[in-house]
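Scroll down for the structure; my scribbles are underneath it.
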Amino acid sequence: MIRIVSTFILISLTQLAFAQSKPLKRKYRGTYEGEIPAYKAIIGTKEVLVKSQNIKLTIAKDSVFMAIGQYNYSNKYKIQSKTQNIEVYFEREGSMIEEVLILDTQTKNLTRKGLFPQPDAILVRKNKSAKR
């Protein structure tokens, strides 16, 4: 009996370790582009105006590639389905900052939730993912 229970626990832990999030459907993958609007940030006692930046985001089968201005980030993603939206989560490589993307399945527009005090950015799909 102990062997059966320990074997079951070992198999469960192995499956959990190798489990991956489902990839996003191909019809939602591709390149999205938009602009992060200008905003004001308070640094110390000064209020600084931050200019708007272009953002380009490519969702592949297993990874997300994001370019904001001259900075590039990439990592694997996880998805969580809601009723009408799909939430995509990934961490910026090397900084442990979690990015949240909300994909509207009807309009196929992507909203990047801004990190405070950065406003949200709406991204429009430019092209579909290529078949592999």
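Starting from 1, each residue takes its place in the sequence as its number. Computed from heavy atoms alone, side chains included, the values below leave out hydrogens, waters and symmetry copies.
- Residue I68 holds its CD1 atom at 8.0 Å from CD of Q53, rounded to the nearest 0.5 Å.
- Contact record, P23 with K61: CB-O, 3.2 Å, taken as the closest heavy-atom pair.
- One distance of note links CG of L57 with OG1 of T31; it measures 8.5 Å at 0.5 Å rounding.
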### Query
Could you walk me through whether L101 and M66 pass the side-chain contact (heavy atoms from CB on, under 4.5 Å) check?
CA-CA 11 Å; L101 310 169; M66 182 172 66; 5.6 Å; no
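- V100 and Y32 end up in different hydrophobic clusters when Ile, Leu, Val, Met, Phe, Trp and Tyr side chains are linked at under 4.5 Å.
- Scanning both residues, P37 and D120, for their nearest heavy atoms gives CD-O, 3.8 Å.
- Looking at Y77, its side chain never comes within 3.5 Å of a backbone N or O of I59 through a donor-acceptor pair.
- Within the structure, salt bridge (Lys or Arg N to Asp or Glu O under 4.0 Å) pairs that include any residue of residues 100-112 comprise E99-R112 (at least two apart or interchain).
- For the atom pair CG (D62) and CZ (R29), the distance works out to 9.0 Å, reported to the nearest 0.5 Å.
- Pairs engaging residues 42-56 under the salt bridge (Lys or Arg N to Asp or Glu O under 4.0 Å) rule: K40-E47 [sequence neighbours left out].
- Note that the CG atom of L103 and the CD atom of Q84 stand 11.0 Å from one another [nearest 0.5 Å].
- Under the 4.5 angstrom side-chain criterion for Ile, Leu, Val, Met, Phe, Trp and Tyr, V124 has no cluster partners at all.
- Scored by the side chain to side chain contact (heavy atoms under 4.5 Å, CB included) test, E87 finds Q80, K82, Y89, I102 as partners (sequence neighbours excluded).
- Taking CG from N75 and CD from E91, the interatomic distance works out to 7.0 Å, rounded to the nearest 0.5 Å.
- Remark: N54 pairs with no residue by the side-chain hydrogen bond (donor to acceptor under 3.5 Å, both in side chains) rule, at least two apart or across chains.
- The two atoms that bring Y39 and P119 nearest to each other are CD2-CD, 3.4 Å, heavy atoms only.
- Among residues two or more places apart in sequence or in another chain, the side chain to side chain contact (heavy atoms under 4.5 Å, CB included) test is passed with T45 by none.
- Criterion: ILVMFWY side-chain heavy atoms under 4.5 Å apart, direct or through other members. Under it, L115 and L49 are not part of a common hydrophobic cluster.
- In this structure, T105 OG1 and N85 CG are separated by 6.5 Å, a value rounded to the nearest 0.5 Å.
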